[in-house]
Each structure stands twice: as structure tokens, then as C-alpha cells.
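As the structure is a prediction and not an experimental result, all values here were calculated from the model.
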Amino acid sequence: MNEQLRIFDDATLPENKPNLDTIRTCLEQPYESTIRPLAWKHHVRNIIQTVIPNWSYAFNTNNNTLRLALYDTMLRAPKITLPILLDCLSYSNATTLELYIDLLKRLTADPVPYGDDRFFCSLLCSVPTRIANALGVGGQESWYIDKNYFARLAQQVARNIDRLDYPGELLGKIIRLGHADVCITAIYPIILDQHGKGWSGIWTTAESYSSSGKITETILRLVQKQHQEEGSDNNNTYNIQKTATQLAIILFENNGDRKSVAFRVETFLSYAYLRLANASWTNTNTLRIAMTTAIYALGLLQLGTVGYDETSISSESLRVINNLIHRLIDKWADPIFLKHGSYKEQQYITAGLVYAFGYLSTAQIENLMIDTPLRSFIHRWFESSDQIKMKLAVVVAETISELTEEGASRLNFGILKQHEDKKYLDIKKLAEKRDALIKVKQSACDDYRPIIEQSSNPQSSDNEHGDDDEELDPDTILTGDQESDEEEEDNDDDLEPYPMEEESDDEVLDEKNNGTKARNKKRAKAPVYIQDLILYLKDDEDPVKLDIGLSTAEQLIRDKTNVGSELSESATELAKRLIHITKAYDLDNTIERQKFSLGALIAAVPETVTGYMIDQIFDRNISMEQKSMILASIILGVRELSGTTIDPKNEQDQLSLELEKKLVIEEGNIPTVSSKSAAIGKSRVFSRRMDIEKRKTTNRNRLSGIAGPVFFFPLLVGWWEGARGKARSWLGRDALLAERFVMTLLVIMHGATNTPDRSRIVTEYFEFALPLRFVKLPQAVTRSILLGFDIIVNINYYHQSGLLLQEYPQQLAETKNWLEDIMEMVNADDLKQVALRILARLMEISMSTD
């Protein structure tokens with residue numbers, strides 16, 4: 001049989017002048033047990049290297065029998081075919097490459113045939129790179145693009161873990177290649193369907209080939225994102241317990257090696273509490289899920305009792321929590337962390353410390369206070385001149401006092417106000433949560449249902465309100481509009497007019513359709529509640545409702561500002577709907593209405609919605625137009641918060657010109673005297689006393705306290721994260737978007753002039769701008785950066801030039817050198833004009849301090 005196979009292979013060589021029947025005979029040879037692997041390998045190599053290139057036209061014709069024979073032969077021994085096919089990609093032409101790629105799609109559709117050989121783990125992971133090298137470029141939706149290929153491969157691995165010898169190694173290599181998000185997002189619903197059984201060992205192996213921290217970060221972000229998209233209550237204890245139960249089984253199911261499980265749990269908890277502190281997506285919900293997962297993984301005691309107390313935690317859990325608190329105290333007490341840590345990181349670490357304290361008994365907390373100099377560290381935070389740091393120290397001090405003392409002896413500084421300091425009071429309340437110990441009506445352990453569900457229909461989430469079979473809630477309150485709509489629909493269905501003698505059936509049908517459209521348009525009224533507005537914006541099939549929603553969004557947001565919690569609870573969902581407005585209809589001024597509505601939303605609830613919008617700016621799935629619109633809305637919101645007047649009719653929207661006017665012209669109305677009122681030869685005196693008295697009122701700068709942590713610093717974090725990898729979605733790749741980004745920073749810095757964040761914002765801006773001196777930038781971006789220096793010297797520190805020179809001597813010297821280089825080497829009058837103005841101010845500052 002081996003010799004016969006060699007004869008058929010030789011017959012296909014070009015010098016033997018084969019015909020189509022010869023090729024078909026060669027392809028239809030069976031793979032029998034008597035054939036040696038070496039002979040079949042030679043047969044496959046001959047087909048790939050000789051038959052396919054010489055007979056590619058025959059495989060690409062409408063006659064599929066030859067192509068089916070080729071597929072059948074190649075798939076008989078995939079472990080032999082795959083390495084040969086990948087080697088041949090590098091020297092194939094365009095015609096054969098299409099066939100090779102099609103064969104690879106079939107060979108990699110199922111990883112089970114390769115599951116018993118470790119060599120193929122790396123080989124399967126190399127397929128997208130090899131195809132990309134052969135093609136040079138590929139379509140974004142092709143199956144071999146990284147995100148599509150690895151998602152499909154990971155799903156196949158997840159569905160066949162019992163039939164594969166090395167599933168953990170294969171997943172670990174996918175994650176190591178940088179596709180953790182794609183991989184875990186694709187397989188997590190499958191894991192939940194399998195109830196997580198057997199996955200603990202797979203993740204243990206995957207961590208040895210990649211990074212346990214990356215797996216931890218991706219899974220926590222995936223769970224938290226799903227909660228946010230579904231609009232679920234992140235503070236609901238049942239949801240926290242349910243999520244933690246699933247993660248504990250999936251990641252840490254105990255298979256006998258308790259020591260290994262404890263080590264992995266401790267690593268997981270430390271990463272969630274310390275390494276993720278600066279991540280833009282984390283919040284207190286991340287801390288609660290991570291801690292509850294760790295406690296469930298290590299076990300609870302007294303599960304059959306009516307209520308829970310601190311003794312319900314196992315001794316191993318207490319040991320892990322105690323070690324975590326020691327690390328958190330070391331981080332919290334670090335002078336560098338106190339002085340240079342971001343506000344986001346400081347608040348996150350403080351919240352983690354408070355929440356961990358809640359699981360300890362009074363005696364354990366008192367022992368911690370003896371073992372660690374925490375009291376002196378709290379005093380050091382109190383000595384800080386920063387109000388935010390002082391309030392965080394108050395949170396820690398009052399929390400420890402409430403957990404260890406009783407009655408009147410508890411500390412109450414009276415610094416934290418009910419409304420102004422709500423976020424600090426929320427951090428303080430974390431000590432009372434104890435999600436792992438609270439008894440709820442339905443335990444998370446009793447009902448294992450996935451909280452992350454992946455539907456095969458990508459539009460199912462948008463059509464959830466249109467399900468005809470949805471069960472009606474008898475307690476639902478219907479508004480008058482809804483009841484009248486239902487009655488009218490019933491009447492329309494039951495009462496149909498007969499056609500008159502002079503009318504045809506077609507005319508009656510047209511009249512009926514037109515009347516229905518008119519009634520629908522008449523029925524659509526302006527939304528009164530935020531949830532109604534969201535439904536209007538969500539309805540992609542009704543352009544009338546969409547247009548009404550866009551037209552009324554800004555005013556409705558302003559009407560609901562500071563009125564109950566309706567706006568704050570739905571702010572993120574509303575922002576999502578406003579950003580992702582469908583482009584299917586040609587509505588008037590869509591971008592303008594989106595921009596001003598989002599600006600009003602930012603001004604109404606900045607701390608709630610700004611973080612989500614900044615994340616959208618750096619999302620690779622957002623278009624450039626949407627990113628520019630979000631930046632413009634942030635500018636509008638910041639101006640409104642700082643009290644800067646905005647002209648919504650300004651169609652040019654040239655932010656640089658507006659800022660330059662503010663640099664040289666003081667805000668306010670400049671008095672003018674008309675020619676009619678001034679008679680020649682007669683002096684007239686106008687008193688402006690009443691106008692001055694009217695303008696004496698002082699407006700509070702609402703940007704105070706949030707300019708840096710809410711707006712400026714998260715924007716820079718996103719910029720630097722994108723700059724590290726220089727991803728295609730990075731803002732710096734687009735000149736117009738980069739200019740708009742810089743101008744957004746300038747508006748924030750301008751509005752923060754008289755706020756506590758001014759010094760830190762200026763420091764961060766110098767660190768952002770000065771390194772760009774050595775980068776070749778578009779002229780517009782350079783001009784925007786120079787305007788930032790102009791704001792610093794002419795607005796932020798205009799009356800404190802000595803303090804400016806004292807705090808930033810090195811930065812001012814580098815700025816001066818840059819400006820001098822521009823004056824000497826750049827042939828751009830507008831750049832030179834800005835540079836000359838800054839140099840003149842720097843010279844004035846230098847002379848005034850001598």
C-alpha cells in the first residue's frame with residue numbers, strides 16, 4: 001500500500017503530465033492502518049506543495065467534488081496536515097493561499113484531534129500570526145483575525161475539556177499572547193453552564209503559562225461590566241453572594257490540596273485589592289466580590305445556623321484577611337503613596353481597608369492596632385493639607401472607633417457632611433456590609449444560575465421590551481398614555497370601515513396606513529421620566545420617538561437635577577444610549593443634541609457618569625466622531641460646573657480662540673457708549689453703581705474637589721495606557737482628536753484655577769506636555785499644548801508668580817527652552833505669537849522675584 005501511494009504521488013508531478021482523473025485518483029486514496037506515517041506525510045506534502053499550486057483553478061471551479069475530495073484527504077490525519085500546511089503558507093501565491101486558508105479553517109475548527117500532544121498547543125496559537133504574515137493584511141471580520149480565531153478556539157476548548165489532555169496549557173498560551181479579554185469573555189458563559197466543575201485545575205495550569213493577575217483582572221472586570229450593562233443593583237448582597245459563589249467554584253474548587261488553594265486565593269485577593277487600585281473600572285463592588293469569593297473558596301463554618309457572625313469565617317479565611325490587612329496598612333502608610341498616589345488609588349485602598357476590617361472581631365482589630373503603628377499613620381494623613389486625604393483619614397479613624405468602642409466613646413469628628421461627603425460616608429458603611437456572612441432569603445449557593453448570559457442573537461438586549469410572550473406583571477402601574485394606546489389599538493383592530501362605492505380597496509388601505517402613522521406620531525409625547533427617555537433613545541425602529549428623545553433630553557436632565565435619585569441611578573445607562581444613537585435616520589443636528597445632552601448630564605451628576613464616558617473615549621470600538629463628541633460634551637460639562645458661560649449657537653466651536661480671548665480679555669461685559677447717546681461738546685456721566693452691586697454675588701465653583709480625580713487624572717491615565725502600546729485606537733494617532741483631547745485638559749485646568757486640585761493638575765500637565773517636546777507633532781496640537789503653558793502662567797498663577805517659580809523651577813526652565821526653540825526654528829506665526837506671550841510673562845515673573 002505504501003508503494004502504491006508513492007506511485008500515485010509520482011503520477012501527479014508536472015513532468016508526468018497528469019490529467020484531472022489522475023489528480024482525483026491521488027486525492028481519493030484512503031488512509032489505512034497499513035500505511036506508515038512517513039508515507040502518508042509524504043503524500044500530504046505532495047498534495048499541498050504540488051497538486052494544489054498546479055491545479056488551483058480546478059479546485060476553485062463550481063465542480064465541488066474535487067474540492068470535497070481534497071478536504072476529506074487533508075482531514076484524515078490532521079496532526080500530520082497542520083504543520084505541513086503552516087510551513088507552506090510562507091511561499092504560496094494568492095490563488096493557492098485562499099485554498100490554504102480555507103483548509104486551515106477546517107483543520108482548526110476542532111482542537112480535540114490535537115489534544116493529546118503538547119506540541120500542537122503552540123502550533124494552534126500561531127495560526128493567526130502565520131496567516132497575517134502571509135497575507136500582509138486581513139479583513140476585520142475574517143475568521144483568522146485574532147479576536148475571532150482565539151474566541152472560537154477557546155470556546156471549543158471549553159466545550160471539550162474532558163477530551164483534551166492540555167486545556168489549561170492551551171488557554172494559558174492564548175492569555176499570554178494578550179488575548180485574555182477575548183478568551184475569558186468567550187468561555188465564561190460555557191463555564192457557568194458547566195457549573196464550573198473541573199475548571200479550578202485548568203486555571204491553575206493556565207496561570208503557570210500566563211499570569212494569574214491577568215486572569216483575575218479579566219474575570220472581575222467581565223462580571224462587573226455585566227452587572228453594569230444589565231443595570232442591576234451592584235449593592236445587592238444576593239447578587240454579590242451569587243457571583244462570589246460562582247467564582248469560588250470556577251477558580252478555587254478544592255480538590256484536596258488545601259495549601260495550594262489557600263495560596264492561590266491569597267494571591268487573587270492581594271491582586272484585586274492592591275494591583276487593581278489604579279484601574280479605571282474598579283470600585284467598591286470589586287472589593288466586595290473579591291473578598292466574598294475568597295471567603296467562600298476557603299470555607300465557612302456554621303452554615304446551618306439561623307444567623308451569621310464573625311465566627312462563621314474559617315480560620316484559614318481569617319488568616320488570609322489578616323495578612324491582607326497588614327499589606328493594606330503597609331501600602332496606606334507609605335509616605336510616597338500618601339504624597340504621590342492618585343486620589344482614585346487612595347480611595348480604593350482606603351475602602352479595601354475599611355471593608356476588610358468589617359470581617360474582624362473587636363479583639364482582632366485591637367491586636368492589629370498594637371502590632372501596627374496605624375494610629376501614627378492616621379495622624380500623618382490628618383497633617384496633610386489636602387482635604388480629600390484628611391477625609392479619608394477621618395473615615396479610617398471613625399470606622400475603627402465604631403468597630404472597637406461603644407456609645408459616647410466613639411469618635412465623631414463632625415467633618416463628613418451628609419450630602420457633600422456622601423462618597424466618604426459610603427466607604428465608611430462598607431465595614432457593615434460583610435456580604436459573605438449575611439443571611440439572605442435565597443442563598444447564592446442554593447441556586448446556581450449564570451449571572452452572565454450570552455445570547456446567540458446580539459440584538460436580544462435591545463429587544464428585551466419587545467417580547468410578545470413576556471409575562472405581564474399584575475402589579476405594574478400603567479400610565480394613562482399606555483392605557484389609551486392599548487384601547488386605540490384594540491379599536492383599530494376590531495373596527496375596520498367598509499369601502500364606499502366611489503373608493504377602491506387600495507385607496508382605503510393607503511388611507512388606513514397613513515392614518516395609523518399619523519396617530520403614532522401624535523401619540524408620541526415628550527418623556528416625563530428618565531426611564532421613559534431611555535426607552536425613547538433605545539427604540540431604533542421609531543425615528544419619531546428617537547427625535548423626540550434627542551430634543552427633550554437636555555431639558556429633562558436639567559429638570560431632574562438635584563431632584564431625588566432618579567437621574568443618578570440611571571445616569572450611566574442614559575449616557576450609553578446618548579452616545580450610541582443609531583445613524584440609520586437622517587435626523588437634524590444629531591451630534592449637537594447628543595453633545596449638549598451629555599454636557600448637561602455631566603454637569604448634573606459628574607461623579608456618577610464621567611468615569612464611564614472617559615472609558616468610552618479609550619474604547620477601541622468607539623468611532624472617532626463619537627470620541628470627539630464625548631470630549632466636546634466633557635468640555636461643556638466642565639464649563640458649566642466651573643461657572644463659565646457657554647454660547648450654544650457658536651457653530652465654529654474653536655476652543656483655542658475662545659481660550660485665547662479669556663487670556664487677554666477679562667470675563668464680563670465691557671461697557672460701551674453709543675454714538676447717539678454722546679452729544680458733541682457735552683460731557684455726560686454714567687453711573688455703574690447698580691450694575692456693580694448686581695454682580696457682587698459669588699458663585700460656587702462646583703468643579704472644586706472633582707476637577708482632578710473625576711476629570712483630569714482619568715483622562716491622562718487613559719492617554720498613557722494607550723501611548724504604551726500605541727494601539728490603533730489611541731487618540732494620539734489622529735491630529736484632530738489629539739488637539740481636542742489637549743483642549744479638554746486645558747478647559748479643566750482653566751476651570752480648576754481656584755480649587756484645591758490646581759497644584760496637582762498643573763504638575764500632571766507639565767509631566768504630560770514637556771516630554772512631547774521631543775515628538776514630531778502637528779502644528780495644531782503643539783499650539784494647544786502651548787496654550788496650556790499660557791493658562792498656567794497667565795491664569796492659574798497670575799497673582800502668585802513667586803509661588804509658581806518656587807514650585808516649578810525645572811519645569812519652567814524646560815518650557816522656556818522649548819519656546820526659544822520654537823521662536824528660532826519654527827516658521828509659524830500663530831505658534832510664535834503664543835510662545836512670545838509666554839516668554840514675556842516668564843521674563844516678567846523672573847524680574848518680579850529678583
Without swapping roles, check the side chain of Glu566 against the backbone of Ile530 for a donor-acceptor pair under 3.5 Å. yes
Return the minimal non-hydrogen interatomic distance between Ile602 and Gly637, and the atom names on each side. CG2-CA, 4.1 Å
Of the non-hydrogen atoms in Gly549 and Leu533, which two are nearest, and what is the gap between them? O-CD1, 3.4 Å
Answer whether the closest heavy-atom distance between the side chains of Asp615 and Asp619 falls below 4.5 Å. no
Between Gln594 (side chain) and Leu578 (backbone), is there a donor-acceptor pair under 3.5 Å? yes
Can you find a pair of side-chain heavy atoms, one from Leu716 and one from Leu745, that are under 4.5 Å apart? yes
Does some side-chain heavy atom of Leu276 sit less than 4.5 Å from a side-chain heavy atom of Arg221? no
Above 12 or not: heavy atoms from other molecules or residues under 6.0 Å from NZ of Lys429? no
Start with the C-alpha gap between Arg152 and Asn148, add the side-chain angles, then the distance that decides, and say whether side-chain contact (heavy atoms from CB on, under 4.5 Å) holds. CA-CA 6 Å; Arg152 186 187 69 162; Asn148 298 333; over 6 Å; no
Measuring from atom CG of Asn283 to atom CZ of Arg288, what distance do you get when rounded to the nearest 0.5 angstrom? 10.0 Å
Any side-chain heavy atom of Thr284 within less than 4.5 Å of one from Asp426? no
Taking the side chain as C-beta and beyond, is there a heavy-atom pair between Lys538 and His580 under 4.5 Å? no
Does the side chain of Gln347 reach to within under 4.5 Å of the side chain of Lys423, using non-hydrogen atoms? yes
Between Asp547 and Arg593, does any NZ, NE, NH1 or NH2 come within less than 4.0 Å of an OD or OE carboxylate oxygen? yes
I would like to know whether Ser642 and Asn701 meet side-chain hydrogen bond (donor to acceptor under 3.5 Å, both in side chains); could you show each step before the answer? CA-CA 5 Å; Ser642 63; Asn701 188 350; 5.1 Å; no
Let me confirm one number: the OG1-CD1 distance from Thr245 to Ile240, rounded to the nearest 0.5 Å. 11.0 Å
For the pair Thr590 (side chain) and Leu587 (backbone), establish whether a donor and an acceptor sit closer than 3.5 Å, ignoring hydrogens and angles. yes
Looking at every non-hydrogen atom in both residues, tell me the closest pair between Ala154 and Cys183 and how far apart they are. CB-SG, 3.8 Å
The reported gap from NZ in Lys576 to CG in Leu537 (rounded to nearest 0.5 angstrom) is 12.5 Å
Note, Ile174 side chain near Val157 side chain (heavy atom, < 4.5 Å): no
Working to the nearest 0.5 Å, report the span between CD of Gln626 and CD1 of Ile579. 7.5 Å
Using side-chain hydrogen bond (donor to acceptor under 3.5 Å, both in side chains), reason through Thr282 and Lys344 one step at a time and then give a plain yes or no. CA-CA 9 Å; Thr282 54; Lys344 167 71 170 61; 2.7 Å; yes
Stepwise side-chain hydrogen bond (donor to acceptor under 3.5 Å, both in side chains) check, Thr286 with Gln224: CA-CA 7 Å; Thr286 312; Gln224 190 159 304; 2.5 Å; yes
Drop me the distance from Leu737's CG to Met624's CE, to the nearest 0.5 angstrom. 6.0 Å
Salt bridge (Lys or Arg N to Asp or Glu O under 4.0 Å), that's the test. Do Lys422 and Glu607 meet it? Break it down for me. CA-CA 11 Å; Lys422 185 178 181 301; Glu607 294 174 306; over 6 Å; no
Does Phe711 form a side-chain contact (heavy atoms from CB on, under 4.5 Å) with Leu641? I'd like the steps, not just the answer. CA-CA 12 Å; Phe711 291 97; Leu641 288 170; 3.8 Å; yes
For Trp719 and Phe741, take the angle between the two ring planes, folded into 0 to 90°, and tell me which bin it lands in: parallel under 30, tilted 30 to 60, perpendicular over 60. parallel
Could you pull out the closest heavy-atom pair between Ile630 and Met613, with the gap in Å? CG2-O, 3.7 Å
Which atoms form the tightest heavy-atom contact between Thr608 and Ser568, and what is the distance? CG2-O, 3.6 Å
Before you tell me yes or no, could you show the steps for Ile534 and Ser570 under side-chain contact (heavy atoms from CB on, under 4.5 Å), namely the whole-Å CA-CA distance, both residues' side-chain angles and the distance that decides it to 0.1 Å? CA-CA 9 Å; Ile534 292 174; Ser570 306; 3.9 Å; yes
Is there any salt bridge (Lys or Arg N to Asp or Glu O under 4.0 Å) pair reaching into residues 702-719, and which pairs are they, with sequence neighbours excluded? none
Go through Tyr529 and Lys560 one step at a time and tell me if the side-chain contact (heavy atoms from CB on, under 4.5 Å) criterion holds. CA-CA 8 Å; Tyr529 301 102; Lys560 296 295 181 180; 4.0 Å; yes
Just checking, is any N or O donor in the side chain of Gln241 or Thr292 under 3.5 Å from an acceptor N or O on the other one? no
Might you point out which heavy atoms bring Leu703 and Ala752 nearest each other, and give the distance in Å? CD2-N, 4.0 Å
Rounded to the nearest 0.5 Å, how far does CD of Gln246 lie from NE2 of His195? 9.5 Å
Would you check if Tyr149 and Ile131 make a side-chain contact, meaning some heavy-atom pair closer than 4.5 Å? no
Is a salt bridge present between Lys595 and Glu554, judged by a nitrogen-to-oxygen distance below 4.0 Å? no
